[in-house]
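Data first, discussion second: the structure below is written as structure tokens.
Just so it is clear, the structure is predicted and the values come from calculations on it, not from any experiment.
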Amino acid sequence: MRRVLPLVFLLLSVSLYAQQERTEAKNESKQENGEPEDTIRLPEQDFFLLMNSDDVEISNNVPIHKIIKDSAVFALLDDPGAAMIDSLWQKELFMSSLYNGLQDSLVNLDYNEVVYDNLPTDTLKKRLEKLDARTPFKVEYNPLLENVIKSYLKRNKKSMERLMALSAYYFPMFEQKLDKYNIPLEVKYLAIVESALNPRARSRVGATGLWQFMFATGKMHGLDVSSYVDERMDPMMSTEAAAQYLSTLYRVFEDWDLVLASYNSGPGNVSKAIRRSGGSNNYWNLRPYLPRETAGYVPAFLATMYIFEYAEEHGFQPPNPHTSYFETDTIQTKRLLSFDQISEVTGVEKELLQFLNPSYKLDIIPYIEDEKYAIRLPRSRSGFFVNNEEAIYRYAEAELAKEEKPLPQLVDSESRIRYRVRSGDYLGRIAERYGVGVSQIKRWNNLRSNNLRVGQRLTIYPRKPVTSGSTASSSSKSSPKFYTVKHGDSLWSISRKFPGVTVQKIKDLNNMRGSSLKPGMKLKLSEG
């Protein structure tokens, strides 16, 4: 044994010395090439990492895990097992089609008798009594309420399960804000009735966000709107504003049922209903005198609260959440950044960035002195961003310098326009004229297809300056736009860069039958 030990130590010493020599040789080579030893090499510095390298030391220690040659796409190193969401949860988070369906059902609420044998009337009465005992709302049995609850259970089960999945993300944050203002925590269900938990929801009259603030009401509570940002779509800021507004309404009405009604239709309509009812303060007595939508508002709220509170008894099985709002973190940005750049750097999917940061209308975080803008990221990725912040800003500036089209100027969106559809108009043309996206026009006007009819009125929040003399003919006289194809481009990615330009429009303008592109190819994007 005494003879073996010295031999083992000798072998270990030789191995360590050889490893140290290799490391010093690599560092000397870096220094000769003018490279710092511990810096991130960015794509514009012609640094490419081969992930299939046989050198285990390189692949384990280099701080970038994905480089695609010729496309300047990269992401910081992260453990794949720490991925924030799986495909099922991501699908549930990003589904926004619930809003239109729930709004339609709210306006056309069915009060007719519904046969649903799984919920006997006696059982419902007992459960409503329990709810009434532990909430400040008047949760009384009413045949109309029974029909609404049974209608939801019978026809909206899948929608409710999807909303339950979303609620696991938003409700903890809602409850924190509501508790801060001493508001009943059950008010969190109001956001479901208002927006189906879609932070980008916009009603036919322009109410926007999770809590459906009109422009003036949002301004009154500090929610600003510009060409880049709509703070009514910011979950945290809009929830704070909603809590303030609800607290103010309660000081006026001192009744939570009437607070809900006034939140929907305005305090003036509720006070009129009180007068017309002979001075009653009971919501069910006021219903006949309220606007149609508000008449169904409180029953929809109470039905939603019942279903969420008794979800297990009715066999609801929503997907399990993988995260909550508090498993994300915000970082104040110091330069202009786009979601594409952040996605490339951090590896966070762009769709997830859009979900976490819905208030940025153009997928761009602006930079203005004396203004504070932040990016919300999963906690597992926020550390990478902070640790490599300066390198990220350098990369963003380099990418911005390559842009062929300047970014829109930051202007306050304090007004909207009503556009009348003319013969020959289509959504792409209208979107290009006002510097907005086709999807935005559809969202602002609750359009479910691209079809338009002559004479139809569209609500538009323009990002381009609008003058009285701007017409379609004036835009047709401008020079045609061209785009030079780069490595990694596709028709879809190019269309995303230019508002109003669709894949089909590019193919039509360039007489293309297929979708294949070659670097250096010039594509026509508009008529001359």
Side-chain angles (χ1 to χ4, degrees), residues 43-44 46 48 66-74 227-228 336-345 349-351 353-354 360-364 395-409 422 424-443 447 449-452 460 462-465 470-528:
E44 61 267 30
D46 297 321
F48 296 104
K66 184 179 68 174
I67 295 289
I68 301 177
K69 283 190 175 183
D70 302 324
S71 66
V73 176
F74 70 98
S227 53
Y228 279 99
L336 184 144
L337 292 171
S338 73
F339 284 5
D340 286 327
Q341 294 161 355
I342 296 169
S343 178
E344 289 167 0
V345 173
E349 300 90 337
K350 183 176 178 180
E351 291 78 9
L353 290 175
Q354 291 170 331
Y360 296 113
K361 301 193 291 186
L362 305 182
D363 295 343
I364 294 172
Y395 168 69
E397 289 174 1
E399 288 296 298
L400 186 61
K402 298 176 185 176
E403 290 287 336
E404 296 188 2
K405 184 178 181 181
L407 294 173
Q409 293 182 343
R422 303 166 189 170
D425 274 342
Y426 56 90
L427 284 177
R429 174 182 290 177
I430 299 170
E432 184 175 14
R433 183 179 307 166
Y434 295 108
V436 298
V438 170
S439 60
Q440 289 177 302
I441 296 179
K442 292 176 70 173
R443 188 167 68 245
L447 300 178
S449 72
N450 292 332
N451 298 328
L452 298 176
I460 298 176
R463 287 200 295 269
K464 288 182 178 179
S470 62
T471 63
S473 60
S474 63
S475 62
S476 64
K477 295 178 183 178
S478 60
S479 300
K481 295 178 183 177
F482 290 92
Y483 177 80
T484 303
V485 177
K486 301 183 180 72
H487 287 286
D489 275 342
S490 66
L491 289 179
W492 181 84
S493 67
I494 295 170
S495 70
R496 293 276 291 176
K497 294 179 181 179
F498 300 93
V501 176
T502 64
V503 170
Q504 190 59 48
K505 183 177 179 181
I506 296 174
K507 295 175 76 171
D508 291 344
L509 288 171
N510 295 276
N511 296 320
M512 297 174 63
R513 293 185 179 179
S515 300
S516 60
L517 299 174
K518 294 181 179 179
M521 185 178 184
K522 283 192 176 292
L523 294 178
K524 191 177 183 180
L525 301 181
S526 68
E527 295 283 3

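Residues Met512 and Leu517 meet the side-chain proximity criterion, which asks for heavy atoms closer than 4.5 Å. At a threshold of 4.5 Å between non-hydrogen side-chain atoms, the residues Thr484 and Leu523 do not count as touching. By the 4.5 Å heavy-atom criterion applied to side chains, Leu452 and Arg422 are not counted as neighbours.
The line from CD1 of Ile342 to OH of Tyr395 is 11.0 Å long, rounded to the nearest 0.5 Å. One distance of note links OG of Ser338 with CG of Leu362; it measures 11.0 Å at 0.5 Å rounding. Here CD1 of Ile441 is found 5.5 Å from CG of Leu427. Values are rounded to the nearest 0.5 Å. Distance check: Lys522 NZ to Phe482 CZ gives 8.0 Å after rounding to the nearest 0.5 Å.
Of all the heavy atoms in Tyr228 and Ile364, the pair that sits closest is CE2-CG2, 3.6 Å. Taking each heavy atom of Asp363 and Gln354 in turn, the nearest pair found is OD2-NE2, 2.8 Å. Of all heavy-atom pairs spanning Ala396 and Leu336, the tightest one is CB-O, 4.1 Å.
By the side chain to side chain contact (heavy atoms under 4.5 Å, CB included) test, Asp489 pairs with Tyr483, Val485, Lys486, Ser493, Ile494, Lys497, sequence neighbours left out. Every residue was checked against the side chain to side chain donor-acceptor pair (under 3.5 Å) condition with Asn510, not counting sequence neighbours, and none meets it. By the side chain to side chain donor-acceptor pair (under 3.5 Å) test, Lys518 pairs with no residue at all, sequence neighbours left out.
Judged by distance alone, with hydrogens and angles left aside, the side-chain atoms of Arg429 form a donor-acceptor pair with the main-chain N or O of Gly424 at under 3.5 Å.
The closest side-chain donor-acceptor pair between Lys350 and Ser343, if any, does not fall under 3.5 angstrom.
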